[in-house]
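Worksheet: the structure to be examined is printed underneath.
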Amino acid sequence: CKTGPDPNLDLPDERDDLAAAFAKRIEEEGGATQFKIKSELKNVASGLQGGVQKVKDAGNEVADTVSDATRQLPPNFIPFLGVVAVLSFLPTLFAMIAAM
């Protein structure tokens, strides 16, 4: 009667071609530690891509909100703001010309 798991369970079975091929590939690619590092880097990259997509989606939502807000403005509001900006800048322009 055994009192625990077999310590050889993690070792590849010599008769298992798939496990042997996998073990050979792992060793060719730098061993188990290198394989774990590559796997973790892929997981991190996947997480970053998800975060980037969330930021992109939030930016699109803001753009849609601004677009909707500008559609609700009266049609002459933007040109009116342009005229107000030019008229408020004219005294400064005249003062600069007079100071020359």
Side-chain angles (χ1 to χ4, degrees):
C1 180
K2 289 188 174 183
T3 60
D6 184 0
N8 296 324
L9 284 178
D10 289 337
L11 298 176
D13 186 359
E14 290 79 23
R15 296 168 292 168
D16 187 353
D17 293 336
L18 182 61
F22 182 71
K24 180 181 176 190
R25 180 174 164 221
I26 292 294
E27 286 307 314
E28 288 173 354
E29 293 184 8
T33 303
Q34 192 71 13
F35 179 77
K36 289 176 186 176
I37 291 171
K38 288 179 184 178
S39 296
E40 285 301 315
L41 287 175
K42 287 179 185 176
N43 291 341
V44 169
S46 176
L48 287 175
Q49 287 175 342
V52 167
Q53 186 62 42
K54 287 180 183 178
V55 169
K56 182 180 174 184
D57 292 343
N60 287 339
E61 287 178 23
V62 169
D64 290 343
T65 302
V66 169
S67 177
D68 290 343
T70 56
R71 274 191 226 120
Q72 295 174 0
L73 293 173
N76 295 330
F77 187 71
I78 301 295
F80 173 75
L81 283 180
V83 169
V84 169
V86 168
L87 291 177
S88 65
F89 182 67
L90 281 178
T92 306
L93 183 63
F94 290 146
M96 290 174 52
I97 292 172
M100 291 180 148

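- Applying the side-chain hydrogen bond (donor to acceptor under 3.5 Å, both in side chains) rule to pairs touching residues 35-47 yields nothing, sequence neighbours excluded.
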Please list, one pair per line, the donor and acceptor atoms closer than 3.5 Å that link side chains of residues 48-66 to other protein atoms, with sequence neighbours excluded.
unit_1: Q53; atom_1: NE2; unit_2: D57; atom_2: OD1; d: 2.9
unit_1: T65; atom_1: OG1; unit_2: E61; atom_2: O; d: 2.8

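- Within the structure, salt bridge (Lys or Arg N to Asp or Glu O under 4.0 Å) pairs that include any residue of residues 68-87 comprise D68-R71 (at least two apart or interchain).
- Here R25 pairs with E29 under the side-chain hydrogen bond (donor to acceptor under 3.5 Å, both in side chains) rule; sequence neighbours left out.
- Every residue two or more places apart in sequence or in another chain was checked for a side-chain hydrogen bond (donor to acceptor under 3.5 Å, both in side chains) with Q72, and none qualifies.
- Legend: residues meeting ring pair (Phe, Tyr, Trp, His ring centres under 6.0 Å) with F35, ordered by chain and number and at least two apart, are F22.
- Applying the ring pair (Phe, Tyr, Trp, His ring centres under 6.0 Å) test to residues at least two apart or on different chains, none of the pairs has a partner in residues 38-73.
- Here I37 sits in one hydrophobic cluster together with L41; the rule is ILVMFWY side chains under 4.5 Å apart, joined directly or through other members.
- The side-chain hydrogen bond (donor to acceptor under 3.5 Å, both in side chains) test applied to E27 returns no partner, not counting sequence neighbours.
- Among residues at least two apart or in separate chains, there is no ring pair (Phe, Tyr, Trp, His ring centres under 6.0 Å) pair with a member in residues 53-72.
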Please list, one pair per line, the donor and acceptor atoms closer than 3.5 Å that link side chains of residues 73-90 to other protein atoms, with sequence neighbours excluded.
unit_1: S88; atom_1: OG; unit_2: V84; atom_2: O; d: 3.2
unit_1: S88; atom_1: OG; unit_2: A85; atom_2: O; d: 2.8

